[in-house]
Amino acid sequence: MSGYGSLPIPLDVEKIPMHLAVFGVTGSGKSFNTGYLIEKLVNIPKNDSEHVSYPMIIIDAHGDYLDYVNYVDENGLENLDWIKSGWIQRYVFPNIYIKPEFRRSELVKPIGINLDLLNYTELAEIIVTYFKGTTEGAEQQISGLIRVFELIREAGYSSLHDLFYRDKDILSEYVDRLQNEGFFASTIRAINNQLNEFYNLEDKYKLLSIDSPLKSDKFVDDITNNRGIAIIDFSAEGAPGVDLKTKQLVMTYLATILFNKFTEYKLNGIQRYLLFIIEEAQNFCPDRSYPIASSLAHSKLSAIATQGRKFGLSLCLISQRPSFVDRIVLSMCNTFLIHRVSPEDVSFVKSVTGGLPQSLAARLTTLDTGEVIVTGQMVTVPFPLVVKIPKEERKVKPTIGETNVVDNL
Ligand SMILES: Nc1ncnc2c1ncn2[C@@H]1O[C@H](COP(=O)(O)OP(=O)(O)O)[C@@H](O)[C@H]1O
Ligand SMILES: [Mg+2]
């Protein structure tokens, strides 16, 4: 607790399935404190002698969590008694992974996607959104694409995914057939443009042909069963030259396979848990008011957010501009970690958290770096707490975010 030295505050892990949100301007301490929370979540006390670890996928927009991968790489997980996870992996884009000069390690894997894990509607919507930024006004194009996929299936092809990078000619042949199915020439032209853009996923980024654990939904079994941690590296180092919409697509793909797999778990009465941490959430789950392409991920994340506590798949949305994050998804978050916010966000933060005491609300824009107001269901007392984690308490020290201007000059 801020002002009380090392006095700890209890947080209720059972409330994680009800989703978390972390707010604060750049440099207010979001990544530092989220890292600290992660250190707690890999070592949750069960009783006097046993500890457990929470499975996590982290969309790491700036490489803030790579310190953990390097730390485990240097020390070996088997020597790190305080981390109870089964494994930790960093995922980078194939275009950097395959470069000979890329520094390889057992813990680094390439990102890959498998279109066969998506249903026809999901795939059609993803293709349209990748090109247009939205599915609005594209109903004809979506039904055209779905029809193409159906025709291809009827013709006996077993994998759409393979056609998308090996046999594009076959795909375009079936798009042409839409003429006989009552589709307008303009719709067919639009579909061709969308497909051409979509082929970039392979031609530019090699996302379809690369061999990657993410291409099988066994990945979700593995991470939840073995309490893994997957860090999806969207930083300039792990995703060099990759545009935002391609990152959005990867994130949507992950959200989709997670949602589908957790739905399957629920139907089969299997209880699994996973925390999906998303840095720069305004880019991946934007509100309609935010002037970037309406995200591909919107419908999947809302679907995840609306599921109740039994679902076990929870979100931790981190953002420097909470007003730009999808309001519906944010309104499902029940625990908030609020750092210093910008004046434009004050009223939004007050309303989304269900109100803050006047004394705290007045401090929202002046909190110290690292100081965080913790409020909501995970807090076990009926009022918000102000917390500051002493730097020494972080087991793995963050290496980025430090500046040393004068020395370097
Ligand atoms: N509790 C803290 N104690 C000491 N330094 C901190 C604390 N929280 C953050 N910092 C430092 O402040 C800087 C910004 O923190 P960071 O977590 O990167 O902010 P954000 O993710 O909100 O942009 C970093 O150099 C970090 O090490
Ligand atoms: Mg950060």
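Both ligands and their constituent atoms are indexed starting at 1 by order of listing. Everything numeric in this text was worked out from a predicted model, so none of it was measured.
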Pairs of nitrogen or oxygen atoms closer than 3.5 Å, one from S31 and one from ligand 1: do any exist? yes
Does any N, O or S atom in S31 come within less than 2.8 Å of the Mg ion (ligand 2)? yes
Here's one to test your reading of the geometry: is the NZ or CZ of K245 within 45 degrees of the ring axis of Y130 and under 6.0 Å from its centre? yes
Atoms of ligand 1 less than 4.0 Å from T369 heavy atoms? 9 (C), 10 (N), 12 (O)
Heteroatom distance test (P390, ligand 1): nitrogen or oxygen, under 3.5 angstrom: no
For S28, is at least one N or O under 3.5 Å away from an N or O on ligand 1? yes
Do ligand 1 and G24 have nitrogen or oxygen atoms that lie under 3.5 Å from each other? no
So for ligand 1, is G27 a polar contact partner (N or O within less than 3.5 Å, distance only)? yes
Contact check, V25 vs ligand 1, heavy-atom distance below 4.0 Å: yes
Any carboxylate oxygen within less than 4.0 angstrom of a Lys/Arg side-chain nitrogen, looking at E371 and R340? no
Determine, for Y199 and K168, whether the Lys NZ or Arg CZ falls below 6.0 Å from the six-membered ring centre while staying within 45 degrees of the axis. yes
Lys/Arg-Asp/Glu bridge criterion (N-O < 4.0 Å) met for E279, K30: no
Is the ring centre of F311 less than 6.0 Å from the ring centre of F259? yes
Do any N or O atoms from the side chain of E202 and from the backbone of L208 form a donor-acceptor pair under 3.5 angstrom? yes
